[in-house]
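Below you'll find the structure, written out as structure tokens, and then a few comments.
Basis for what follows: all heavy atoms, side chains included, without hydrogens, waters or symmetry-related copies.
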Amino acid sequence: MTDPTKAPADGVGNGGPMVRAEGVRKSYGLVEVLKGIDLEVQQGEVFCLIGPSGSGKSTFLRCINHLEKVSGGRLSVDGELVGYRQKGDKLYELRDQEVARKRRDIGMVFQRFNLFPHMTALENIVEAPVQVRGESRGDARERARALLERVGLADKAASYPSQLSGGQQQRVAIARALAMQPKLMLFDEPTSALDPELVGDVLDVMRGLAEEGMTMIVVTHEMGFAREVGDALVFMDDGVVVESGHPREVLTNPQHDRTKAFLSKVL
């Protein structure tokens, strides 16, 4: 296993891909969930992760945002190591405050919407820019209203989460993540908790982000979205990358038997 306290000679912050994973491992006790993930996500790319439940997709996403610490390997976002600072040939773990400061540049949308139930849609969006970025409440409210309009919910600013459908709550959650003006958006199966008729509105918002050039990593079971919008696709199983390529190629002409077996059940 790669020791995360040791770094190879090459430095970080050299530009290049938005996300680079090199031999990333993650264990919980004796259970190894990620077993050496190597991949790159280019700037402006929509990168889709597919695979069965328990394959490590969501864990990898959480490692990118340092909600989980890697057990081995190296993970960088926009040329900067996630969770560590390099000095000489060693890596030193960042303090929690430094991790939080870097995390604000990465938006994350979860399966469950995680909105504050006691706040209106507008207030949910305003809170982080004010508390984390130190924006004035007036500026944050102005941007929040623009974001609600962007996700088709301009008329729901004063509504509480309990007054919104699941799809509307998820669109508010996307607007909340965008309010931090992130360089990277992570989506962890954003439509899996929604009724089928509500999925389309959320995917339409994500399509709009893709058209605007937002770098996105999307864990999804929506194969149509991956085929239509994705620039790259990875199939994961049992903590490893089994197959990768352009979404249309992987979905229509998979090369690995495990990929074929999985797709035969979901397509």
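Arg25 and Gly36 get closest at one heavy-atom pair: CG-N, 3.5 Å. For Val151 against Arg171, the heavy-atom pair with the smallest separation is O-NH1, 2.9 Å. The two residues Val46 and Ala210 come nearest to each other via the heavy atoms CG2-CB, 3.5 Å. Of all the heavy atoms in Ile125 and Ala144, the pair that sits closest is CG2-CB, 3.5 Å.
Annotation: Tyr84 is not in aromatic contact with Tyr92 [ring centroid separation under 6.0 Å not met].
Phe60 has its side chain within reach of Leu75: a pair of non-hydrogen atoms, C-beta onward, lies under 4.5 Å apart. In this structure, the side chains of Pro182 and Ile106 stay at 4.5 Å or more apart for every pair of heavy atoms. Here the side chains of Met223 and Ile50 are in contact, with some heavy-atom distance below 4.5 Å. Between Leu94 and Lys102, some side-chain heavy-atom pair lies under the 4.5 Å cut-off. Between Arg133 and Arg104, the closest side-chain pair of non-hydrogen atoms falls below 4.5 Å. Inter-residue side-chain proximity for Glu123 and Phe116 is flagged as unmet; no heavy-atom pair is nearer than 4.5 Å. The shortest side-chain heavy-atom distance between Val109 and Leu186 does not fall under the 4.5 Å cut-off. Looking only at side-chain heavy atoms (C-beta outward), Ser159 and Leu153 stay at 4.5 Å or farther from each other.
Other residues, nucleotides and ligands contribute only 12 or fewer heavy atoms inside 6.0 Å of the CD atom of Glu149. Heavy-atom contacts from other residues, nucleotides or ligands closer than 6.0 Å to CD of Glu142 number 12 or fewer. For Glu197, the CD atom counts as densely surrounded, since its 6.0 Å shell holds more than 12 non-hydrogen atoms of other residues, nucleotides or ligands. Within 6.0 Å of CG on Asp96 lie no more than 12 heavy atoms contributed by other residues, nucleotides or ligands.
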The test is side chain to side chain donor-acceptor pair (under 3.5 Å); show your working for Glu243 and Thr259 and say whether it passes. CA-CA 7 Å; Glu243 190 164 342; Thr259 316; 2.8 Å; yes
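Thr191 and Glu222 are linked by a side-chain donor-acceptor pair at a separation below 3.5 angstrom, with hydrogens and angles left out of the test. At a cut-off of 3.5 Å, with distance as the only test, no side-chain donor of Asp237 or Ser55 sits close to an acceptor on the other residue.
Partners of Asp201 by side chain to side chain donor-acceptor pair (under 3.5 Å), not counting sequence neighbours: none found.
Linking Ile, Leu, Val, Met, Phe, Trp and Tyr residues whenever their side-chain heavy atoms come within less than 4.5 Å places Val172 and Met185 in a single cluster. Taking hydrophobic clusters as Ile, Leu, Val, Met, Phe, Trp and Tyr residues chained together by side-chain heavy-atom distances below 4.5 Å, Val218 shares a cluster with Phe113.
Under a cutoff of 6.0 Å and an axis angle of 45°, Lys26 and Tyr28 form a cation-pi pair.
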